[in-house]
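In what follows, a structure is listed as structure tokens, so that the remarks can point back to it.
In each ligand, atom 1 is the first atom listed, and ligand 1 is the first ligand listed. Note that the structure is a prediction, hence the values are computed from the model and not measured.
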Amino acid sequence: MGSSGIDWKLPDHPKLPKGKVIGLIVLDGWGEANADQYNCIHVAETPVMDSLKKGAPERWRLVRAHGTAVGLPTEDDMGNSEVGHNALGAGRIFAQGAKLVDAALASGKMFEGEGFKYIKESFATNTLHLIGLMSDGGVHSRLDQVLLLLKGASEQGAKRIRVHVLTDGRDVLDGSSVGFAEILENDLAKLREKGVDAQVASGGGRMYVTMDRYENDWSVVKRGWDAQVLGEAPYKFKNVVEAIKTLRAEPKANDQYLPPFVIVDDSGKPVGPIVDGDAVVTFNFRADRMVMLAKALEYADFDKFDRVRVPKIRYAGMLQYDGELKLPSKYLVEPPEIDRTSGEYLTYNGVRTFACSETVKFGHVTFFWNGNRSGYFNDKMEEYVEIPSDSGITFNVQPKMKAVEIAEKARDAILSGKFEQVRVNLPNSDMVGHTGDIEATVVACKAADEAVKIIFDAIEKAGGIYVVTADHGNAEDMVKRNKTGQPLLDKNGNIQILTSHTLQPVPIAIGGPGLAPGVRFRKDLPSGGLANVAATVMNLHGFQAPSDYEPSLIEVVDN
Ligand SMILES: O=C(O)[C@H](O)COP(=O)(O)O
Ligand SMILES: [Mn+2]
Ligand SMILES: [Mn+2]
């Protein structure tokens, strides 16, 4: 029993041995879908992953990775890395940010909480700034929630509001930001009719402005800071719709990569720099791509870039983004309380763990896996290795990314005999899938498959077990489809490329020389999802899972 009163000791599994090394591979954005020319996994040569299917149904199956299976509001919500890795690591389904924010808005509790009271103190004299992703993707944010927040804040006395938008095109179709901007403008106009001075103040494409993650490239956050806080950007416009349309045409940027811009008044002055006394809310509910900005806004000691001017603000996140760092300290909605994750249990039960990915996905197999918590549970039992990602490029120009490097680190960790769990995320199919470049995504899928082979070979040598799965779909479908599954065409007759994730299930396969002969997937969990994986892995480590975990996918039959 630990000091927290939690009994961390896991009971022995009645049939499965301990001490086998498990190679636990998450292919990011690797779903299962019908085979056609837009299914890059099908088009790519992926002999290793293909061969696993032959193990069905005993050793290969599909699991749900979207919607309510991962704690999202509806079955129309595609999966994503945060909720996927949370479910994989925590073994239970938690109501996730999107759902918690919906509930807090519906009940009005958002406006009664500590976080809102804190920012509200600025309303009488100062400006409320809202910063975040303008999208209905439901991955990092949702525009309908932002509109309700705007309405609620104005009803609560906000007299001057400035919105700093980040355009998406990654969780939604490229080009859709124009429509979102029109919807937002419409609501801001309604507020102005009511006497609230409400306008968009700045913007930029999410991948080029603000929404970097895991400290891959601070210049992205700096570009946002300059526009949002300092009111400085290379482009100036009178309104946001014009800004987006113009920048999409020239310099021909897509939504994800629009350059930063500020909105200026008739005299050319930026309408919304952030100044002393203002309130700021970052309205994304998802953590990874808000943490860096949250640090810049909140930390007095900060040396990642020159902030030039650091306004004394009242800052709240939509959620608290990092439970360990308590960042930000003020927030509007309580984050999901993802406790007692499998990683924490396993360290208490003698399972030594190695986790690795490249920077852009490093936090997925550490931070998200451990319930949005940074750092080690026990640094004597765990080693996390981050391979630096390339920065400043779109990954279609480098579709192999660091797959080989990740796999080789995993191989070495497996062969070292120092770990019982070696966990990796292979980013290729997701990161390249998001660029919408089909040819490059095919190369990416092949590269991921080759990396899997390197890890499998090590597992073979070490007499271990492999578990390979994915966090959600992406590369298996690169086109927007109608209800009957036919590709949709835009008004120029071109197919509409799908840069986002999908609603598809993902594969899970188990095997390797260390897998006890009688282990197979149960048949009585047809709707099993990612949250069932943690108990499965605990079993394969020789333990029974805690009783409130989603049930294990495997059973052991006597041969
Ligand atoms: O943040 C991103 O890159 C996308 O919005 C979602 O992708 P991920 O959930 O795979 O990280
Ligand atoms: Mn992902
Ligand atoms: Mn993704």
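- Ligand 1 places these atoms under 4.0 Å from at least one heavy atom of Asn80: 9 (O).
- Across Asn284, Val146, Leu148, Val333, a single residue satisfies side chain to side chain contact (heavy atoms under 4.5 Å, CB included) together with Val101, and that is Val333.
- Remark: the backbone N or O of Asn34 is paired with a side-chain donor or acceptor of Asn39 at under 3.5 angstrom.
- Listed by number with element, the atoms of ligand 1 under 4.0 Å from a non-hydrogen atom of Arg206 are 1 (O), 2 (C), 3 (O), 4 (C), 5 (O).
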*Dump the intermediate steps for side chain to side chain donor-acceptor pair (under 3.5 Å) on Asn86 and Asn372, then the final yes or no.*
CA-CA 8 Å; Asn86 281 171; Asn372 300 350; 3.2 Å; yes
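- In this structure, His364 and His85 have perpendicular ring planes: the angle between them is above 60°, well past the 30° mark.
- A salt bridge links Glu450 with Lys446; the closest basic N to acidic carboxylate O contact falls under 4.0 Å.
- Salt bridge status for Arg170 with Asp168: absent, with no side-chain N to carboxylate O gap under 4.0 Å.
- When heavy-atom distances to ligand 1 are checked against a 4.0 Å cut-off, Asp430 comes that close only through its side chain, counted from C-beta outward.
- Proximity of Arg289 to ligand 1, defined as any heavy-atom pair under 4.0 Å, is confined to the side chain (atoms from C-beta onward).
- Against a heavy-atom cut-off of under 4.0 Å, Lys361 is close to the following atoms of ligand 1: 8 (P), 10 (O), 11 (O).
- Of all atoms in ligand 1, numbered sequentially from 1 with element shown, those under 4.0 Å from a heavy atom of His364 are 11 (O).
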*Check the pair Cys40, Ile438 against side-chain contact (heavy atoms from CB on, under 4.5 Å), reporting the backbone distance first and the verdict last.*
CA-CA 7 Å; Cys40 293; Ile438 292 180; 3.9 Å; yes
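- Ring geometry, Phe305 versus Phe302: the interplanar angle exceeds 60°, so the pair is classed perpendicular (tilted spans 30 to 60°).
- Among the atoms of Asp471, none of the N or O lies under 3.5 angstrom from an N or O of ligand 1.
- Atoms of ligand 1 found under 4.0 Å from any heavy atom of Arg170 (numbered from 1 in listed order, with element): 2 (C), 3 (O), 4 (C).
- Electrostatic pairing of Glu75 and Arg64 counts as a salt bridge here, judged by a charged N lying under 4.0 Å from a carboxylate O.
- Within Asp28, the N/O/S atom positioned nearest the Mn ion (ligand 2) carries the name OD1.
- Comparing heavy-atom distances from atom 9 (O) of ligand 1 across Gly363, Ser81, Ser500 singles out Ser81 as nearest.
- Between Tyr345 and Tyr549, the angle of the ring planes goes over 60°, which puts this pair in the perpendicular group of the 30/60° scheme.
- Neither the backbone nor the side chain of Asn474 has any atom closer than 4.0 Å to an atom of ligand 1 (non-hydrogen atoms only).
- Atoms of ligand 1 lying under 4.0 Å from at least one heavy atom of His472, given by number and element, are 10 (O).
- From the protein, the heavy atom lying nearest to atom 5 (O) of ligand 1 is Asp171 OD1, 2.6 Å.
- At a 4.0 Å cut-off, at least one heavy atom of Arg213 sits close enough to ligand 1 to count as contact.
- Aromatic ring centroids of Tyr214 and Phe362 lie 6.0 Å or more apart.
- Not one N, O or S atom of Asn80 sits under 2.8 Å from the Mn ion (ligand 2).
- Interface of His501 with ligand 1, defined as ligand atoms under 4.0 Å from a residue heavy atom, comprises 6 (C), 7 (O), 8 (P), 9 (O), 10 (O).
- When NE2 of His472 and OD2 of Asp471 are joined through the Mn ion (ligand 2), the resulting angle is 90° to the nearest 10°.
- Summarising the geometry of Ser357 relative to Val365, their closest heavy-atom pair is CB-CG2, 4.1 Å, with the distance given to 0.1 Å.
- When the heavy atoms of Arg286, Glu82, His434 are ranked by distance to atom 11 (O) of ligand 1, first place goes to Arg286.
- Put simply, the angle at the Mn ion (ligand 3) from NE2 in His434 to NE2 in His501 is close to 90°, to the nearest 10°.
- Of all atoms in ligand 1, numbered sequentially from 1 with element shown, those under 4.0 Å from a heavy atom of His140 are 1 (O), 2 (C), 4 (C), 5 (O).
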